[in-house]
Amino acid sequence: MKLSKANLLTVKVASQSKNDPALNQVRVEEDGTTVAADGQVVMVVEPAEYGDRGIPPGLPDFKNEIDIPEGGLGIPVDIVEETLRNIPKGKLGLELGYAVLTGLDQDKRSLEITTTDLNMHRKTEGKLARRHVPEYKSFLRLARRSVDKGGGRVCVDRKALIKLVAAIDSACPDSLNTVFLEFGEQSSDGLLVRAKSAETGQHVIGYLNPLDTGDQWLSMNEWERKTCAQLKGKKKKKKIKDKKERL
């Protein structure tokens with residue numbers, strides 16, 4: 001199984017505490033989807049081969065490449081971070097910015113991940129995560145359903161958003177780290193970012209201009225629809241319950 005740099009970078013939101021084994025990892029699902037969480041945020045990236053670009057032809061085949069086993073596996077944060085350091089940088093990384101699962105011993109709970117710059121293969125070895133990432137799809141499904149039922153949406157420059165939130169974070173110390181996001185019914189209304197300083201009691205208002213995407217709003221692909229889809233089993237149970245109530 002090949003994992004792209006984007007797949008591995010979910011580690012940015014994983015818990016850094018080794019005392020929290022369920023969250024101190026990047027989980028790789030059977031299809032190559034990667035997910036990480038820290039108890040407050042979740043980040044999920046689709047399999048590398050599902051992307052519009054697919055797997056670059058310049059990436060060599062690995063004869064010992066291994067598929068992800070049934071039920072998936074967890075890669076501890078330190079293993080992922082070391083693997084990222086081994087991935088080629090710059091232009092070379094566009095073609096070779098991938099890691100390949102080349103070793104797996106479930107009895108010994110060990111794994112091997114290989115990266116290459118064509119001149120040298122670099123291998124990262126370690127133990128599998130001991131616990132499974134907590135269930136996360138229900139949160140995505142609930143949020144997606146609310147959006148589909150009339151929730152608002154707005155597109156902004158991500159760098160500008162990060163810059164604004166960082167500035168607010170500096171100006172408004174708050175032990176709860178709260179920030180309030182508000183936007184109107186129209187995507188052209190922009191985004192209000194509000195906060196209050198716990199030190200001075202001052203209120204702060206930030207505003208981001210919306211980006212005009214025209215008709216190019218990011219559409220959901222098949223992987224997203226499947227990830228955020230309502231479980232069929234739950235629908236069936238609801239129908240059975242409704243039938244019993246009618247009886």
Spacing of CG belonging to Asn24 relative to CG belonging to Asn19, to within rounding of 0.5 Å: 9.0 Å

Same cluster (ILVMFWY, side-chain, under 4.5 Å), Met220 and Phe139: no

Spacing of CD belonging to Glu49 relative to OG belonging to Ser4, to within rounding of 0.5 Å: 11.0 Å

Test item: Leu96 and Pro60 side chains (from C-beta on) under 4.5 Å apart, heavy atoms: yes

Crowding at NZ, Lys2 (>12 non-hydrogen neighbours, <6.0 Å): yes

Within 6.0 angstrom of Glu222 CD, more than 12 heavy atoms from elsewhere: no

Close side-chain approach of Asp157 to Leu208, heavy-atom, < 4.5 Å: no

Validation row: Gln25, Val133 side chains within 4.5 angstrom (heavy atoms): yes

Pairwise distance CZ(Phe62) to CE(Met1) - rounded to 0.5 angstrom: 14.5 Å

Salt bridge flag under 4.0 Å for residues Asp117 and Arg122: yes

Leu140 reachable from Trp223 in the ILVMFWY side-chain graph, under 4.5 Å edges: yes

Nearest heavy-atom neighbours spanning Gly72 and Glu30: N-CG, 3.8 Å

Test item: Leu101 and Leu111 side chains (from C-beta on) under 4.5 Å apart, heavy atoms: yes

Heavy-atom side-chain contact between Pro47 and Thr34 under 4.5 Å: no

Gap between atom NZ of Lys18 and atom CG of Asp20 - 0.5 Å precision: 13.5 Å

Min side-chain heavy-atom separation Val45-Thr33 under 4.5 Å: no

Working for side chain to side chain donor-acceptor pair (under 3.5 Å), residues Ser197 and Glu199: CA-CA 5 Å; Ser197 170; Glu199 290 184 351; 5.0 Å; no

Same cluster (ILVMFWY, side-chain, under 4.5 Å), Tyr136 and Val13: no

Point-to-point distance, once rounded to the nearest 0.5 Å, from NE2 of His132 to CZ of Arg27: 3.5 Å

Straight-line distance of Ile162 CD1 to Asp169 CG, nearest 0.5 Å: 13.0 Å

Electrostatic pair Glu182-Arg194, nearest N-O below 4.0 angstrom: yes

Minimum heavy-atom distance between Ile168 and Ala195, given as atom pair plus value: CG2-CB, 3.5 Å

Atom CD1 of Ile55 with >12 non-hydrogen neighbours under 6.0 angstrom: yes

Hydrophobic cluster membership, Phe183 vs Leu181, 4.5 Å side-chain cutoff: yes

Ile113 and its side-chain contact (heavy atoms from CB on, under 4.5 Å) partner, picked from Ile75, Asn86, Thr102, Leu104: Ile75

Arg109 with Asp105: basic N within carboxylate O range, under 4.0 Å: no

Where Asn7 and Gly32 come nearest, the two heavy atoms and their spacing: ND2-O, 3.8 Å

Neighbour count >12 (heavy atoms, 6.0 Å) for atom CZ, Arg158: no

Over 12 foreign heavy atoms within 6.0 Å of CG, Asp148: yes

Shared hydrophobic cluster for Leu8 and Val11 (ILVMFWY, side-chain gaps under 4.5 Å): yes

Close side-chain approach of Leu9 to Leu84, heavy-atom, < 4.5 Å: yes

Heavy atoms of other groups near Lys89 NZ, more than 12 under 6.0 Å: yes

